[in-house]
Amino acid sequence: MTPKPRAGGRILVDQLLVHGADCAFTVPGESFLPVLDAFHDVQDKLKLVVCRQEAGAANMAEAYGKLTNRPGLCFVTRGPGATQASVGVHTAFQDSTPMILFIGDVGSDFRGREAFQEVDLAAMFAPLAKWAARIDDTARIPEFVARAFQVATSGRRGPVVLALPEDMLSRQAAVADAKHYTPAEPHPGADDMQRLHKLLALAKSPLVILGGTGWTREACNDMQRFAEANQLAVGCAFRFQDLFDNNHSNYVGDVGIGINPVLAERVKMADVLLVVGARLGEITTSGYTLLESPVPRQKLIHVHPGADELGRVYQPELGIVAAPVPFARAAAALPRIDIPAWQGAAAEARADFIAWTARREMPGRVQMWDVVDYLNQHAPDAIYCNGAGNFATWLHRFHRYPGFRTQIAPTSGAMGYGVPAAIAAKLVRPERTVVCFAGDGDFLMSGQELATAVQYDAPVVIVIVNNGMYGTIRMHQEMHYPGRVVGTDLVNPHFAAYARAFGAVGEIVEDTAQFGPAFERVLASGKPGVIEVRIDPQAITPSTTLDKIRAASSGDRKPAAAG
Ligand SMILES: Cc1ncc(C[n+]2csc(CCOP(=O)(O)OP(=O)(O)O)c2C)c(N)n1
Ligand SMILES: [Mg+2]
């Protein structure tokens, strides 16, 4: 049967439904009106979330990808929209998150004239996306969209960018729909698993590190069974702390920024390092110091769904191209190693973790350890989101993530991520409590999305850790240019009043004891809420103060970057 002619915009939206989409994030543009018009007819199946800035929309789509393992969808306009959305694409790339950014593009009749808002989108996104392309032929929309879903979810996951010329979207074509995509998940071979077992059986001080994307709760449970059966110590890579229950006796800490020095030593001294899903990037390796490149001292067993990641920096003893789910299943089915040489080591490493995360006193009336402990007690299963800044350290170090999908955070270190991520989390999982940690600097990069939270009734709790500065950068200034503070002070709005102006709830906390009641009031309100926690600016990390850093600094002024 010949298919009925449809406009490009309609064909596109029909493909999204074919591939199981239920939600898309956007800031509209006149460049993709035919797509918007097609959304009009499918509002009961596909929720269109209208945001206030494209970075917010793209970050929400990215967080949706992290939360669901399905591509987060985002629609923005050319030039100004695409440039603002690019931060979300960058995060999806660094974090290996499935996402598709659709961009309304200049009509093909004007292309190349530097028409209004024209940018060569495929060129612009080439280094940012896994695949960036333009659809020129209306009849090929089903092919391109199917490939976009396929590419975003296969191998090392990541973002895809598709440019949609205006005239291509309004033209009609009689073309059939694609069928639902099927992600390709590489499985480990039986001989891979045998070699792994052999290497492990000969080990004296092995350590496991989990990270990356493509995990499921079942895969996490499988890894837990594998770790229990073999008495293995397990750490989690930077901002993938929710892949192993932090309350479990085999969990020994996060291998990220501000790593426990004792754990760093364990990673360095391990004789077999089993890394599952993590890329072994700069932050996870403490600036490429925990392992030597290209030949690590440890016998590295690197398991990753992207073949290109194996041997990229570190030559593995055994590289296994496998996605987390089939790998974890195979690992859980391996025969246990009887009376391993490393008996007791996991308990020792666990004791180090407990000591590292014990209560710390900081200057000032607000004690952040107590704030995080309150949340550990009263909202243990909440989804915790954050952007970038020193404030995140309190959460990363002291919060016990209880397991799969309780952390949504950017390994790309992008400020402004937490608020949109939290909104996406609440929209996808309305039954869960969602808490965002933000810095005063970080929050105002996406604070306007509070309007989106109010509009779509997404009652998230945003905790702003306010120290009146871009604290991370100030810390580095004190380390390298002591006493020469420049460009890092912030004069902030009254955050509670700001929140109220949006129709959200606003609270101020100036003393630890005020936090719990403020948190409960926000939850009870049923509205999005902001809790501004005013901390002593001296309390720059859980371990030190600005004054101490300045006093200890040798003033080794970093040479100014050339250019
Ligand atoms: C989008 C973006 N811009 C700039 C930076 C560089 N940067 C990293 S942390 C930071 C300061 C964060 O300040 P704030 O949110 O107040 O957190 P604090 O460090 O004070 O706790 C900056 C500017 C970044 N990581 N991301
Ligand atoms: Mg700050």
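Ligands are counted one by one from 1 in listed order, and the atoms in each one are counted from 1 as well.
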Of His476, Arg474, Met475, Met415, which has the heavy atom at the shortest distance from atom 12 (C) of ligand 1?
-> Met415
Give a yes or no on whether a salt bridge exists between Asp95 and Lys66, defined as a side-chain N under 4.0 angstrom from a carboxylate O.
-> yes
Pick out which of Thr68, Val434, Ile383 makes a side chain to side chain contact (heavy atoms under 4.5 Å, CB included) with Val428.
-> Thr68
For ligand 1, indicate whether the residue Met469 contacts it via side chain, backbone, both or neither (heavy-atom separation under 4.0 Å).
-> backbone
Which of the atoms of ligand 1 are close to Asn467, meaning less than 4.0 Å from one of its heavy atoms?
-> 18 (P), 20 (O), 21 (O)
From the Mg ion (ligand 2) out to just under 2.8 Å, does an N/O/S atom of Asn467 turn up?
-> yes
Would Asp440 count as a contact for the Mg ion (ligand 2), in the sense that one of its N, O or S atoms lies under 2.8 Å from it?
-> yes
NZ or CZ of Arg156 within 45° of Phe93 ring axis and under 6.0 Å | yes
Quick check: does Tyr470 get an N/O under 3.5 Å from an N/O on ligand 1?
-> no
Could you tell me which atoms of ligand 1, counted from 1 in the order shown, lie closer than 4.0 angstrom to a heavy atom of Asn390?
-> 18 (P), 19 (O), 21 (O)
Looking at the Mg ion (ligand 2), is one of the N, O or S atoms of Tyr470 less than 2.8 Å from it?
-> no
Please work out which of Gly416, Gly471, Gly487 has its closest non-hydrogen atom nearest to atom 20 (O) of ligand 1.
-> Gly471
Val465 near ligand 1, heavy-atom distance under 4.0 Å?
-> no
Within a reach of under 6.0 Å around CD of Gln377, are more than 12 heavy atoms found that belong to other residues, nucleotides or ligands?
-> yes
Considering only heavy atoms of Gly413, which atoms of ligand 1 have at least one such atom less than 4.0 Å away?
-> 24 (C), 25 (N), 26 (N)
Measure from the ring center of Phe102 to the ring center of Phe32 and say whether it is less than 6.0 Å.
-> no
For the residue pair Phe495 and Tyr498, does the interplanar ring angle fall in the parallel (under 30°), tilted (30 to 60°) or perpendicular (over 60°) class?
-> perpendicular
So among Asn246, Asn376, Thr357, which one has a side-chain hydrogen bond (donor to acceptor under 3.5 Å, both in side chains) with Arg400?
-> Thr357
Using heavy atoms and a threshold below 4.0 Å, how should the contact between Leu490 and ligand 1 be classified: side chain, backbone, both, or neither?
-> neither
Should the pair Tyr64 and Phe25 be assigned to parallel (<30°), tilted (30 to 60°) or perpendicular (>60°) ring geometry?
-> perpendicular
Which residue owns the protein heavy atom closest to atom 16 (O) of ligand 1, what's the atom, and how far is it?
-> Asp440 OD1, 2.6 Å
Partner of Leu280 under side chain to side chain contact (heavy atoms under 4.5 Å, CB included), picked from Arg312, His302, Glu309, is His302
Report the relative orientation of the aromatic rings in His399 and Tyr384; use parallel for angles under 30°, tilted for 30 to 60°, perpendicular for over 60°.
-> tilted
Atom 9 (S) of ligand 1: of Leu444, Val87, Asp442, Thr472, the nearest heavy atom sits on Thr472
Judging by distance only, is a nitrogen or oxygen of Gly389 under 3.5 angstrom from one on ligand 1?
-> no
Nearest protein heavy atom to atom 14 (P) of ligand 1, by residue and atom, and its distance?
-> Gly441 N, 3.6 Å
Looking only at N/O atoms, are Phe391 and ligand 1 under 3.5 Å apart anywhere?
-> yes
Please report the C-alpha distance between Lys426 and Asp457 in whole Å, then the side-chain angles of each, then the deciding distance to 0.1 Å, and finally whether the salt bridge (charged side-chain N to carboxylate O under 4.0 Å, His left out) criterion is met.
-> CA-CA 9 Å; Lys426 192 67 189 172; Asp457 190 20; over 6 Å; no
